[in-house]
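Because the structure is predicted, anything quoted here is derived from the model rather than measured. All chains are named by letter (A, B, ...) in the order of the sequence lines, taking the proteins before the strands, and each is independently numbered beginning at 1.
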Amino acid sequence: MTQTEVRTPPLRETTGSAVGAPIDRVDGTAKTTGAARFAAEHPYPDLAHAALAHSSVARGRITAIDTAAAAAVPGVLTVITHLNAPAMKPPPKISPFNLVSLATGTSVNYLNTDEVHWNGQPVAVVVAETRDAALHAASLVEVAYQRLEAVVDFAAEEGNAEPQKSNALQSGGARKGDARAALAAAPVSVDLRFSTPQHNHNALEPHATTAAWDGDRLTVHEATQGIAWTRGQLALRFGVPERNIRVLSPYVGGGFGGKGMVWAGTVLAVLAARVAGRPVRLELTREGVYRTVGGRTPSTQRVALGARADGRLTALVHTSVARVGRVGGGGEQITSQSRHLYDAENILLQQNLVTLDLLPNTMMRAPGEAIGTFALESAVDELAYKLGLDPIELRMRNEPTVNPLDGKRFAHRMLREAYELGAERFGWPERTPAPGSMRDGRWLVGMGVASAYHPSWQLAANVTVRLSADGGVLVRCAFQEMGMGSATVVAQIAADALGVPVAAVRVEYGDSLLPGGPAAGGSAQTASIAASLLPAAEKLKRSVLALARRSPESPLRGTRASGVLARDGGLYPADGRGAGESYPAILARAGRDSVEARVGSDTRVGAMVSQARTVGKVLNDRRRWVKAACGAHFCEVRVDPDTGEVRVTRWVGAFDVGRVINAKTAASQLRGGIVMGIGMALSEETLVDPRTGRVMNPSLAEYHVPVHADIPPIEVHYLDEPDPTMPLGLIGVGEVGITGVAAAVANAVHHATGRRVRDLPITLDKLL
Amino acid sequence: MISVRMRVNGSEVSVALEPQVSLLDLLRGRLGLTGTKRGCDQGACGACTVLADGERINSCLALAVQYEGRDITTIEGLARDGEAHPLQTAFVRNDGLQCGYCTSGQICSAVGMLAEHGAGAPSAVTEHLCSAAALTDAEIRERMSGNLCRCGAYNGIVGAIQEVVGKEAVR
Amino acid sequence: MKTFSYVRATDVATAVGAIASEPNAKFIGGGTNLVDLMRERVESPDTVVDISALPLTEVEELPGGGVRVGALTRNSHLAAHPLIRARYPVLSQAILTGASAQLRNMATVGGNLLQRTRCPYFYDDTAACNKREPGAGCDAIGGFTRGHAVLGASEACIATHPSDMCVALAALDATVEVRSVRGTRRVPVDGFHLLPGATPHIETVMAADELVTAVELPASPLAANSRYRKVRDRASYAFALVSVAAALEVTGGAVAGVRLALGGVAAKPWRAREAERVLLGAPATEESFRRAAEAELAPAAAQPHNAFKIELARRTITATLRRLLTDGSAA
């Protein structure tokens, strides 16, 4: 078994120009030929298959469980329940000081308890020779429950919400001045209530685990966004040292946050493999994903804005109610963007939570901001209409120069420029502002804008870079690739840092044997890797130079490190005077097969240092400045005046995401966010039956993600100005795309119809 | 167990199967052709799309025993003489993919779609059913709507298909 | 899914013989609905009789101008057939708006007629459902009812029929031919599906051992001027909230002929006879269309989440007739 090995196809003649080039993704061929193997696609001799049986009550105790019918299905090897499952250690309590604990999906020790905490909790695992047999047998497990009173109705519980506590990584609220008084005194104001439903990630690849024990050593092929966290969690749960566990995840069929935590399927596949004494694969059914992997919290939000007649904001109030599960989940930063987007004199922000007997929520693409921007950016549009101002003009009049809440500096802020660029490309000036004033035949035409905003993060990454005698470069880091183009941009960064063509760079990732990488979350991965890759490359250059300097024949012998430039596959004097040498020549003369440099350490101490480095960096950054990606969305919709059907017909997004490493893959990421945002705006909703707490549309047929026909051409533009505080000046692009999208659609729908829809999704019944 | 013979990617396959085994499970499990993906197992996502006698179908809802004697093509069988199918390379060039999980289904679906269109089949957005529909972006989007892409690579996919259509037209 | 005995039938007589002799047997054609329902444990036949090889795939012109469609004709083939496109454009359109191209390539005409509801409480075996388990109750009532029926529902069941094709067939006065060991009979499509009443598990007039062998479309000059309009929650690949199949003939500004049927509103494709009655002879105007739509929907009764369907149906009827008047046929 090997790690994913990738060679980029196009050989570039010049070096130093890879960063910024829109090259094809390096794993494109593997993914378009079917060669890429995902977690459920690794063959093992003697492989058995597992399936889950789920609870049908929201809260209770199992009083009896009958597995006879299941066990009698031909091919069934074993049925595991709380009555016969081996003991596992409970999941770690979530703490910001133990990063592995952040991957605890729920606090339930599956099959080690008779307690049921949500409708759909796994209550048995069947292991069989085939997946079909396991699934059929799982459906035959009969469970009797003592039902306990369950609180599952979010709408009914809203009044019982409590303020969200702040922690090191997130605050539950903030205030500046007296926003309530300012709101009451404002000459012009809006005070609005919004709601957003639960959403589910629906990555096309259902979560899957292939687990194989060899004594107390474990190999796991896993669909995960966090290799290291998965390994850490499994080590804790099964009481084996981390070094005994190898997690492989070179290809992940989409994550969007849903594969960030460790959920039941992963733990139970490993447990089943231990019980069965055979390698076990557990591919969740689509329904199984809904029943065992959390989604985005629903929310209700209040946004109240007070303004002077000239549009300057005097008050900004944004409060939210979201939900967590009694057995896990966390507050999402729904009011985050409201700290940073508008220069309001008085600000009051508060996030509140209710605790329900439901599967806990989890992070989903821009947790917090995705839905928070819907409320804020819809409210700003409403205020603009009330003031008789163009919605862009209102935003520009309130564009801050420093962070509104506390006067901190912005590391980078080009929202004004994003609106200018977007307005020009979209043709915003041609829009007539009156609602219902634009038509195309019978269709009502509407145009709307909204701001995108997402904080930028960085995590720790350990990286090794190896230069071989043939001039090839190998970058190794246990990061994740789930479609973002990570391997491609890492190859581009390494190529320029070492002055080699992209085709000379090989990247290994997706394997816990590699130096520890960051989890794929918070749009942080590329920046995190770059922050270690660049110094590693620098170290490597110095080592290579040292080798050259040792040789009397080398033209580089008198040259200092600061005086050399890595280019054209070797080191050359930066001032262009005198000769340099190719890497193969330097290594050959030194008699070396390779030279390696590394940043970070994977020892126990090293891991602690890197964790401290991460938390320290986050806190330090927080103290010094506000870092974020932002952008301006321009949306055109057509609304059928008879039926209320909304079609998005045109989209322009202009983004301030710092330096763009690969314009092609970055655009795809941003488009992907916009597509998911269009789904959130128009059709996506997880239906949780308030009587039972059961998800009633756990399928791709009934949970409507956008299809081809829903998505128009999406233009993406970059300002492409480096953020001076970020490695290479780059800002992550994974999440900012979705923020603001639903508001832009809602504002366009209002422009088309005169109707304000403040409850997502904007289904046609709300427009009839 | 029921014996089933079919052609898969040009090779004769003869297997004994239980009747409930889907064509998808036959391909992915028994035949090791894991390029065809399972996204929902209920005909709601298109990730399992393969070609049966050149027509695109959802292999998850197909009982393998019903495909006795048929000619099945999967993503692994699209290349000809070692040359990738033009759609495969166009998908990479146009970045018509991200995570890659829906990609096999999208490409197989596009192959079937171009054949359907070539045979004159209309779609739900075809203005006049009795006259040939030009393969506009809107036509492609409607005809490809049985293939979900959660990464949102739809623009790139349409671009890739248009690129291939354009090249065919030139030829 | 549960395993089962598999019988491959090669002629109609063997097929109906097999189904009559095996208890708890089901026919399988394209499989797109049955395989899903078997996997979801809604259906669990002990024997499955594969009819996909039966020679029932002809689409042939009948003397007098009608068309006979073999029951195993794939949905996609029927929609693309030149006779259907030219003479019954509403049927082509209806099929093309249903499901996805892949599913239409698999699904048969007979199977489409026998599609079962998409009610989520029918699909979820932890919920009470009178269709799945007679007498169990209906958890859809009081649950999520956005997709449910507003016409012809009962206290036992509020599910809708999911087919688009059937809505067009209802408007076209099609006839279904069914065969069993007892012989062949013909049923008008409007009488083929049943409203739920107290027995929602009985969905059609078919006996368990009967096989749909053909659908016949009568000759109808009116049908050439027809359209199908489907309204749903996304632009494609979703079931109808409301759909309308309509054919219209206008002479001297008055409605000389009209056929209307609705989808997404009832447990069966809903032939809008009251609307047709109001329209016949009336001036072909927006006002008449609206009046007819209102008359048809007068008996409608909503659940908490689907009242919008009543207005949506009125509007969609009106809009579809207007489109036929102004733009003509979809052919």
Heavy-atom pair with the smallest gap, counting every atom of [X] and [Y]:
X	Y	result
A:R691	C:D139	NH2-O, 2.6 Å
C:R315	A:P641	NH1-O, 3.4 Å
C:A235	A:D710	N-OD1, 2.8 Å
C:R234	A:L700	NH2-O, 3.8 Å

Partner chain A: residue of C:A127, C:G142, C:G147, C:A238 with the largest heavy-atom pair count (under 4.5 Å):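 Among the listed options, the one with the most contacts to chain A is C:G142.
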Between C:M1, C:E311, C:R314, the one whose heavy-atom pairs under 4.5 Å with chain A are most numerous: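 Of the candidates given, the most pairs with chain A belong to C:M1.
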Check whether any side-chain heavy atom of [X] lies under 4.5 Å from a side-chain heavy atom of [Y], and answer yes or no.
X	Y	answer
C:R232	A:H704	no
A:V707	C:S236	yes
A:T763	C:R146	yes
A:D765	C:L312	no
A:L764	C:L241	yes

Verdict with supporting geometry, A:D640 and C:R229, salt bridge (charged side-chain N to carboxylate O under 4.0 Å, His left out): CA-CA 13 Å; A:D640 186 310; C:R229 175 74 164 94; 2.9 Å; yes
Residue part contacting chain A, namely of C:Y121, when any heavy atom lies under 4.5 Å: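 For C:Y121, heavy atoms of backbone and side chain both lie under 4.5 Å from chain A.
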Name the region of [X], side chain, backbone, both or neither, that has any atom closer than 4.5 Å to a heavy atom of chain C.
X	answer
A:D689	both
A:V688	backbone
A:V705	both

Short side-chain donor-acceptor distance under 3.5 Å, A:R694 and C:T126: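 There is such a pair (donor and acceptor under 3.5 Å, judged by atom type) between the side chains of C:T126 and A:R694.
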Winner by heavy-atom pair count (cut-off under 4.5 Å) against chain C, out of A:E702, A:H708, A:H136: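 The residue among A:E702, A:H708, A:H136 with the greatest pair count is A:H136.
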Top of A:L687, A:D132, A:V646 for chain C proximity - count of heavy-atom pairs under 4.5 angstrom: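 Sorted descending by pairs with chain C, the first entry is A:L687.
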